[in-house]
S.K.: 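Below is one structure. I have some questions about it.
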Amino acid sequence: MDRFINEIKAELGNNGDFHLQRDYLADAAVMLLGFNTLIDFIKTRTVLHKHAESILLQNQPSEDLWGAIGELMEGDVLKAISSIYEGKLIIHFENTSRFIIMEPVPAMLDRSIDSPTNENVIQGALDSFTEGIDINIGIVRKLVNSDEIRIDSFSAGRSRKNKLSLLYIDGQADIELVNSIRNHIEKNIQMEAYNLQGLAKMLGFPSWNAISKFNTTELPHHAVQNLRKGKVILFVDRLPFALILPSLFWDMFAAENDRNFPLPIMLAIRLIRIIGILITLITPGLYVALVSVNPEVLQIQLALSVAQSREGVPYPALAEIIFMLLILELILEASVRLPKSIGPTITMVGGIILGQAAVEAKLVSNLLIIILAATTIANSTIVGFQNSVSIRLFKYAIVILGAIFGILGLVAGLVFLSAYLASLNTYGKSYLYLNVKGNENNGG
Amino acid sequence: MHVMLMYVISHLGLIFFMYPGNVISSTEQGHWLPVLLGVVIHFIFINIYMKGLSYFPKKDIIRIYAGIGKGTAILFIAPVFLYFSMILLITLRAYAEIITIVFLSKTPLWAIMLLLISISTYIAAKGVETIFRTGLLLSLLFLPIIIFIFFTSFQNVDWRYVVPLDADLGFIIKRTYLESFFAFSGGFLFLGFVQPYFSYDRKYILWAAAFLIPFFLFSVYIPVLTFGQATSATTFLPYVVAVDAININWLMFDRVTMFFLLSLISFIMLYLALVSWKAIRILSHYLPSIKPVKLLLALAAAVYIACFFIPDWKDVEKLFWWNTFLRFYILIAIPFSLFFFGRCMKRKGIDESI
Amino acid sequence: MNPYNLKSKAPITVCLLLTVMILTGCWDIRDINHRTLPVVLGISTIEDDQYKVFLKIPEPVEGSMEVKIVSATGETISHAVDVISRNMETSVDLLHVKVIMIERKTAEEGMKDIIAGFMRSREVSSKALVTICDQNMDEFFSKLSESKNLKGTNMFDYFEKNAGWNPEIALTRIWEVYRSIHSYTRDVAIPLIVTGDTTTYEQVGSAVIKNGKMVEQISNDETLLFNAFNDESTHGQIEVLNHASVMIIGNSMNHHTDLTDKQPVLQSRINLKVVVLETRGKTSSDMIKKELSHLLSSRFSSMLANLQESEADILGLGQLYRTKIDRNELKNWRSVYYPNLKSDIQFQIDIQNEGYLRTT
């Protein structure tokens with residue numbers, strides 16, 4: 001055993017899946033080193049031998065073979081170790097310090113391209129991004145199919161390197177935007193970016209933003225369409241979605257797949273989404289405002305029936321609505337946690353039984369249940385899950401303001417929200433731009 | 001586009017409350033003349049103002065005056081700042097009072113004022129771009145409501161109240177008429193502040209001003225046409241009362257006034273934000289060592305506290321009246337001086353180049 | 001560009017919001033079920049200039065609406081309401097009052113202050129209807145509370161245009177009454193209501209209000225003309241003649257005015273579209289036309305004569321002369337011009353169709 005192997009062994013030997021195998025390649029004695037969890041050894045060896053044979057049959061010198069297999073290195077043990085961690089195969093020549101880093105046949109750890117799980121598509125392409133960054137980039141390349149696409153790759157993080165890729169179309173994307181993203185990544189290359197929070201920190205976004213600066217999507221078509229419009233896609237290895245930058249307000253209403261419908265229907269769908277966001281924001285606040293502060297706004301018949309439905313409810317409207325909203329959030333959260341087979345049960349128990357029982361027991365008014373149902377349904381019309389979560393949060397601010405100032409509070413809440421949305425920007429691109437080119441003739 | 005919208009919004013917020021009452025009580029008949037006179041004066045002055053500004057491309061008026069000399073800066077900028085603080089104070093106090101009169105009779109004034117000032121301060125703190133973008137969003141949300149209710153307010157109109165049409169000029173010296181100019185002079189100064197941030201076409205501003213004419217006219221005429229002059233002169237906020245009389249059966253809401261007023265209040269919040277931003281621009285130009293946000297908070301706090309020293313509506317009106325002099329000074333002096341200096345600069349520039 | 005850095009402000013904003021939240025308990029926000037929302041407000045005067053106020057309150061009881069009637073007296077209306085509010089378990093909010101009922105006696109004495117009070121406070125919507133009770137108010141409300149079919153908002157429904165309204169009922173809102181107090185040329189008519197024998201209410205005619213005082217009374221038929229004149233629809237109104245009954249399905253009119261030497265002359269043509277419903281004996285359409293036109297114009301001129309006598313211009317005829325009379329003179333419209341008004345009203349009848357049968 002030579003020194004090289006010993007050093008590597010000392011470093012990796014306590015890993016159960018570290019594999020060390022002796023082999024002969026073109027009459028040289030070599031050691032194959034690698035993790036058998038990451039490398040399919042049997043297949044790799046077969047490939048290796050076939051390779052060696054074909055080279056030898058043509059009577060080429062074995063040096064050529066080494067060059068063809070991979071990168072030939074000398075002595076750098078640390079490099080070898082980090083390569084092993086990255087899932088490479090090291091072919092070491094016995095009793096020398098030379099080794100080859102070879103791209104092996106990897107063990108099948110990625111799932112295949114599947115249909116999207118978080119975003120539903122009606123009448124549209126059904127493929128979706130997966131965890132492997134290379135697969136994702138491949139999908140995008142296949143869809144764009146142009147020589148203008150640019151892909152910048154980085155590997156970020158201190159201990160474990162994670163791959164990041166920045167995709168944009170040259171000539172479409174705003175070069176300032178691309179540069180500022182690239183500069184931020186390069187400056188903070190040491191930061192860990194496994195999740196969106198980490199990534200946001202890396203890109204220098206304030207961490208207290210209620211609205212995500214990334215527009216995430218699982219759908220390659222959606223991503224590519226945005227790419228064509230001049231936005232930038234960021235892929236992070238192991239995250240099965242594309243992060244589209246900058247995220248714009250209009251993205252809440254427009255899904256790319258809408259364009260598979262005739263124009264009037266597309267417009268109608270988007271109108272419904274706009275109504276959806278307004279209903280989500282306004283109705284709970286309106287209920288509180290009308291019930292407790294400004295009942296004169298309601299028509300008399302409505303006022304009487306509301307009063308009737310609230311007869312016997314022991315606490316103020318604000319407490320009532322916050323209580324029910326909280327339960328609703330719990331149901332939503334629970335159905336995310338639960339396995340798919342139990343999920344519907346919870347929905348039923350929560351939605352129907354609890355709601356009905358709460359009304360029967362006069363804990364809440366039945367009008368409130370209707371309003372909550374409308375709110376929750378309307379909330380789901382918004383494109384992009386992370387957007388609908390943000391809107392869900394804003395509605396509480398409006399409810400509280402509405403409880404204090406009635407309809408004035410409601411309007412004040414809307415003004416505040418508008419101001420907040422207006423103040424957001426990503427590297428100088430306002431959140432309200434209709435597209436990245438800086439035209440603000442907004443439609444929503 | 002933004003500047004135009006902002007222009008419309010800030011004026012709309014001002015038009016519908018006190019302006020109709022002022023004009024109606026200023027003359028007994030032929031209200032079109034005072035309105036028209038106001039509009040014409042408005043047009044003349046914004047034209048001169050914009051013309052004056054166009055001599056100084058990419059400069060806001062603070063820098064223009066500061067560039068001319070210390071004396072002129074004090075002569076013009078100090079009154080402007082005072083004027084802005086007065087506007088903040090009066091608008092905040094008056095609108096809080098109107099809100100309590102119209103729909104929140106039980107809510108204490110301080111809470112309403114706190115709400116108004118904190119939201120407008122928040123918006124102002126975010127800078128001018130946010131103000132303008134918020135204006136865009138708000139106009140998308142609320143402008144349809146306002147226009148809808150504006151049209152339904154013709155419901156109870158009796159066109160025969162239009163006559164008699166003949167008018168005399170006796171209203172010009174009436175105090176209420178002079179006060180009515182706040183609706184014209186309140187908003188236009190911002191055109192001189194946005195220069196480095198937004199560029200605008202003068203033509204569009206004039207279009208926006210033209211768009212406002214029907215609102216000016218009918219804000220006065222709808223109460224007159226609904227109630228007749230004699231009746232509407234007895235009301236405090238004639239337009240609000242007129243809108244209150246609208247009856248829409250098919251709407252699930254009973255008092256549409258509320259929505260109309262609130263939409264306008266949202267514009268007022270934005271207007272307050274704009275005014276405080278302008279005031280802060282002036283302050284931070286002369287006190288560069290202090291952070292603008294701190295100045296803004298101090299200004300908001302000062303205005304808020306000052307509001308408590310105005311005990312009742314009579315005092316609001318008194319302040320309003322005092323401010324009228326300042327308003328006319330601003331309305332006349334600023335556009336003319338800019339125009340004058342601009343001309344001088346140009347001539348000098350030509351001389352030098354020869 | 002200097003978008004101020006606000007990172008440090010987020011916690012401050014949150015704190016501010018929290019303080020505001022804590023402070024919300026400071027003023028009383030009452031939930032709707034802790035408010036009493038009366039629909040009808042009845043006002044009468046008793047001795048020593050005191051107001052007696054009646055409130056008709058719909059009360060939700062076990063799935064249906066019952067009605068409660070309460071009353072109190074006070075120096076002012078708001079004081080009386082306050083007394084009621086004090087004595088009730090919930091607080092009284094006049095926000096939803098839809099009908100204001102004033103006793104005839106009070107109306108005759110003048111109700112300027114009452115109306116001005118409602119306009120001022122804004123608590124009562126200025127869209128609330130004004131009616132006059134041609135009966136002792138105590139009696140009226142006690143009869144009402146005995147009545148069985150008293151449910152929810154039925155008084156309001158009686159006047160509601162998309163429910164129980166019909167063209168013989170004058171619809172007059174607070175702001176219109178208020179306008180008539182100040183206007184030079186316009187008065188209003190207010191329905192006179194009593195409790196009915198078989199129905200809950202009965203309209204006995206309309207009161208003519210001039211300057212906030214009731215000065216004259218017109219019948220139901222005349223109210224129809226009043227409505228027709230004011231462009232309220234008269235659709236579906238049935239007119240009974242000697243030989244036939246017809247249904248009015250449309251009306252339109254045009255006026256021609258003249259003013260010669262303080263003597264206003266009015267020529268009006270009112271076009272009515274009618275449908276024949278029933279005939280008696282031998283009737284031709286010409287006869288129906290003639291009869292109807294005669295009936296209406298005589299009814300109209302007698303009403304106008306009555307009104308001129310009491311100098312109350314509920315038809316708003318003065319409005320037509322606004323172009324002709326100077327504004328200063330207009331102030332004297334009611335006293336100088338209006339009583340001298342000469343009118344020539346013609347009713348033009350069109351029989352739109354005659355149903356399935358032919359009339360000769």
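Here is how names work: the chains are called A, B, and so on, in the same order as the sequence lines, proteins then strands, and each is numbered from 1.
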S.K.: Among A:Val293, A:Leu421, A:Ile407, A:Leu302, who wins on heavy-atom pairs under 4.5 Å with chain B?
M.R.: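 Option with the top pair count is A:Ile407.
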S.K.: Tell me whether B:Ser276 contacts the main-chain N or O of B:Ala273 through its side chain, where contact means a donor paired with an acceptor under 3.5 Å.
M.R.: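 Yes; at least one donor-acceptor contact below 3.5 Å.
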S.K.: By side chain to side chain contact (heavy atoms under 4.5 Å, CB included), which residues pair with A:Thr376, not counting sequence neighbours?
M.R.: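 Residues passing side chain to side chain contact (heavy atoms under 4.5 Å, CB included) with A:Thr376: A:Leu328.
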S.K.: Using only atom types and a distance under 3.5 Å, with no angle test, would you say the side chain of A:Asn387 pairs donor to acceptor with the backbone of A:Val383?
M.R.: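 Confirmed, A:Asn387 side chain pairs with A:Val383 backbone.
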S.K.: Which bit of A:Leu286 comes within less than 4.5 Å of chain B, counting heavy atoms only: side chain, backbone, both or neither?
M.R.: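 Contact with chain B is through the side chain of A:Leu286 alone.
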S.K.: Tell me, for B:Phe259 versus chain A, whether the close heavy atoms (under 4.5 Å) come from the side chain, the backbone, both or neither.
M.R.: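 Contact with chain A involves the side chain of B:Phe259 alone.
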S.K.: Side chain from CB out, backbone as N, CA, C, O: work out which of these in B:Leu262 comes under 4.5 Å of a heavy atom of chain A, or both, or neither.
M.R.: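 Contact with chain A: backbone and side chain both.
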S.K.: Over all heavy atoms of both residues, which pair between B:Leu270 and B:Gly135 is shortest? Give the atoms and the distance, please.
M.R.: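 It is CD2-CA, 3.3 Å.
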S.K.: Which bit of A:Leu278 is near chain B, if near means a heavy-atom gap under 4.5 Å: side chain, backbone, both or neither?
M.R.: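 The side chain, not the backbone.
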S.K.: Centroid separation under 6.0 Å, is that true for the rings of A:Phe253 and A:Trp250?
M.R.: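 Centroid separation for A:Trp250 and A:Phe253: below 6.0 Å.
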S.K.: Pick whichever of A:Asn294, A:Leu414, A:Leu410 has the most heavy-atom pairs under 4.5 Å with chain B.
M.R.: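 The answer is A:Asn294.
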S.K.: Below 4.5 Å from any heavy atom of chain A, which atoms of B:Ile99 appear? Answer side chain, backbone, both or neither.
M.R.: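 For B:Ile99, the side chain is the part near chain A, not the backbone.
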S.K.: Is it true that B:Phe142 and B:Phe148 have ring centroids separated by less than 6.0 Å?
M.R.: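 No: the rings miss the under 6.0 Å criterion.
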